[in-house]
Chemist: 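Have a look at this one.
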Amino acid sequence: TARSLQNAGTEKSPLQVFVRAKKKINDIYGEIEEYVTETTQFIGGLPQEIEIVDKEEKELFQSYVQKVAAIREVLSRDHMKVAFFGRTSNGKSSVINAMLREKILPSGIGHTTNCFCQVEGVDGQEAYLVKEGSDEKLSVVSIKQLANALCEEKLSESSLVRIYWPRERCSLLRDDVVFVDSPGVDVSRNLDDWIDNHCLNADVFVLVLNSESTMTLAEKSFFHTVSQKLSKPNIFVLNNRWDASASEPEFQDSVKSQHQEKCIDFLVNELKVSSEKEAAERVFFVSAKETLQGRLQEAQGNPAHLGAIAEGFQNRYFEFQDFERKFEECISKSAVKTKFEQHSSRGKSIASDMRLMLDNIFDRANVLRNNKLDQKKSLTDRIQKTENQLMLVTREMKLKIHSMVEEVEQKVAKALNEEI
Ligand code: GDP
């Protein structure tokens with residue numbers, strides 16, 4: 001079945017690098033939290049009269065508890081984020097649906113995404129959406145309803161609609177990948193705001209092009225701005241609608257190499273975000289619509305090629321899978337590095353700061369103990385002396401008494417003798 005196929009896929013998925021790292025760092029932070037809380041409780045419970053820890057230090061310990069809790073909170077929300085850009089109708093929503101193996105985002109004419117849509121996994125069976133600035137969970141039963149909800153009121157183009165989709169229905173969502181669909185770069189003048197609001201924490205960017213035309217200035221300039229704001233963003237380029245090339249097989253190879261060359265040149269020489277070799281691994285020729293159709297067929301137990309639009313389905317299908325694998329490797333590595341490296345260095349610095357403080361307290365406690373021992377020792381010395389003196393005195397007294405008694409005895413004896 002589709003579910004077991006998906007499961008088999010996940011086991012070897014490069015996304016597991018992130019999933020495992022997240023679990024590990026969560027466990028470590030769980031231990032740090034226990035240690036910090038226990039220490040803080042112990043320090044806080046020390047009686048006032050023991051003057052080893054001052055108020056400031058107690059407050060500092062308390063602040064570590066809060067810091068660790070805050071990091072754990074961020075950690076629980078950490079995910080891998082991929083954002084899709086390109087002109088309207090190039091197929092951004094279709095690519096996302098193909099990757100999710102289900103028609104989640106509305107696509108097609110009249111369903112132009114005119115705000116940002118984020119799809120993320122959620123526990124449970126129910127899909128729902130939340131609009132920006134609201135807490136209300138709007139239930140999503142059908143794609144049509146979702147499309148209507150998105151079009152219903154004029155949403156500002158840089159606002160964000162979050163779509164929560166049952167994690168267990170898709171392995172990518174289960175493995176913590178979050179997808180962001182954007183309005184077409186051709187319709188917006190607020191590209192700067194977009195980048196600031198939705199892109200700075202993206203681990204991977206996917207530029208979805210229409211392989212029937214050339215890259216436009218709008219698409220190029222958007223990525224120029226992204227690469228100015230972020231150092232070396234990870235960018236993949238999908239030449240979508242490649243199924244259309246099948247109708248002109250005599251030009252297919254030359255069109256492909258022209259596009260390939262231009263895309264590589266864009267990444268390497270214009271944006272300077274990757275080497276020639278890396279860039280060659282970042283450019284793909286796919287058909288999102290066909291891939292989705294193929295996958296929907298597979299989910300019903302049919303062969304994928306029943307979803308084919310044109311000649312050459314298998315190659316395009318493989319290329320889409322190749323893109324997914326390279327994308328998974330890239331996003332999980334990048335997310336582990338950007339997200340967890342920070343947390344682990346913060347964790348290390350909290351642990352070493354606390355250790356230093358505890359070492360100091362321990363040293364102070366030792367000094368205090370030694371002082372008390374010294375005090376006790378000098379007291380015992382004095383007692384000993386007194387005892388010794390006392391002994392001397394008593395011995396002397398005994399001797400004296402003894403001799404006195406002897407003297408008295410002698411005197412008495414003498415007196416008695418005299419009387420006799
Ligand atoms: P977006 O505006 O970039 O999100 O584009 P959509 O995903 O909504 O796609 C726009 C239209 O193009 C829809 O009617 C899709 O079915 C169609 N489409 C998307 N990808 C392909 C593809 O690879 N091949 C073909 N033939 N049509 C596609």
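For ligands, and for the atoms within them, numbers begin at 1 and follow the listed sequence. Worth knowing before you read on, the calculation uses all heavy atoms, side chains too, and leaves out hydrogens, waters and symmetry mates.
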Chemist: Carefully, step by step, assess Phe116 and Trp194 under the rule side chain to side chain contact (heavy atoms under 4.5 Å, CB included).
Modeler: CA-CA 9 Å; Phe116 279 82; Trp194 279 18; 3.4 Å; yes
Chemist: With heavy atoms of Ser287 as the reference, note each atom of ligand 1 found under 4.0 Å away.
Modeler: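 Listed by number with element: 22 (C), 23 (O), 24 (N).
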Chemist: Only heavy atoms of Ala288, strictly under 4.0 Å: list the atoms of ligand 1 that pass.
Modeler: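 Contacts of ligand 1 toward Ala288, numbered from 1: 23 (O).
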Chemist: Taking the non-hydrogen atoms of Arg241, is any one of them nearer than 4.0 angstrom to ligand 1?
Modeler: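 A heavy atom of Arg241 does come that close to ligand 1.
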Chemist: Take every heavy atom of Gly86, measure it against each atom of ligand 1, and state whether any distance is under 4.0 Å.
Modeler: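 No, that is not the case, since the closest heavy atom of the residue is not under 4.0 Å from the ligand.
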Chemist: Does any N or O of ligand 1 fall below 3.5 Å from an N or O anywhere on Val286, backbone included?
Modeler: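 No; every N/O pair is 3.5 Å or more apart.
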Chemist: Select the closest option to atom 22 (C) of ligand 1 among Val185, Asn239, Ile96, Asp243, judged by heavy-atom distance.
Modeler: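 The nearest heavy atom belongs to Asp243.
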Chemist: Any side-chain donor paired with an acceptor under 3.5 Å for His198 and Asp193?
Modeler: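 No, Asp193 and His198 have no side-chain donor paired with an acceptor closer than 3.5 Å.
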Chemist: Does any N or O atom in Thr88 lie less than 3.5 angstrom from one in ligand 1, N or O only?
Modeler: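 No, there is no polar N/O contact under 3.5 Å.
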Chemist: Do you see a donor-acceptor pair shorter than 3.5 Å between the side chains of Asp243 and Ser287?
Modeler: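 The criterion, which ignores hydrogens and geometry beyond distance, is satisfied for Ser287 and Asp243.
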Chemist: Do ligand 1 and Ser94 have nitrogen or oxygen atoms that lie under 3.5 Å from each other?
Modeler: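 N/O-N/O distance under 3.5 Å: yes.
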Chemist: Report yes if the distance between the aromatic ring centroids of Phe340 and Phe18 is under 6.0 Å, otherwise no.
Modeler: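 Yes; Phe18 has its ring centre under 6.0 Å from that of Phe340.
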Chemist: Taking all non-hydrogen atoms of both residues, which atom of Ser332 and which atom of Pro14 are closest, and how far apart?
Modeler: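 Where Ser332 meets Pro14 most closely, the heavy atoms are OG-O, 2.9 Å.
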Chemist: Quick one: does Gly91 get an N or O within less than 3.5 Å of an N or O on ligand 1?
Modeler: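 Yes; at least one N/O pair falls below 3.5 Å.
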Chemist: More than 12 heavy atoms of other residues, nucleotides or ligands under 6.0 Å from NZ of Lys256: yes or no?
Modeler: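 Yes, NZ of Lys256 has more than 12 neighbouring heavy atoms, counting only those of other groups under 6.0 Å.
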Chemist: So that I know where these two stand, are Phe323 and Phe320 an aromatic pair - ring centroids less than 6.0 Å apart?
Modeler: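 Between Phe320 and Phe323, which both carry aromatic rings, the centre distance is below 6.0 Å.
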Chemist: Say whether Lys92, considering both its backbone and side-chain N or O atoms, lies within less than 3.5 Å of an N or O atom on ligand 1.
Modeler: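 So ligand 1 has an N or O lying under 3.5 Å from an N or O of Lys92.
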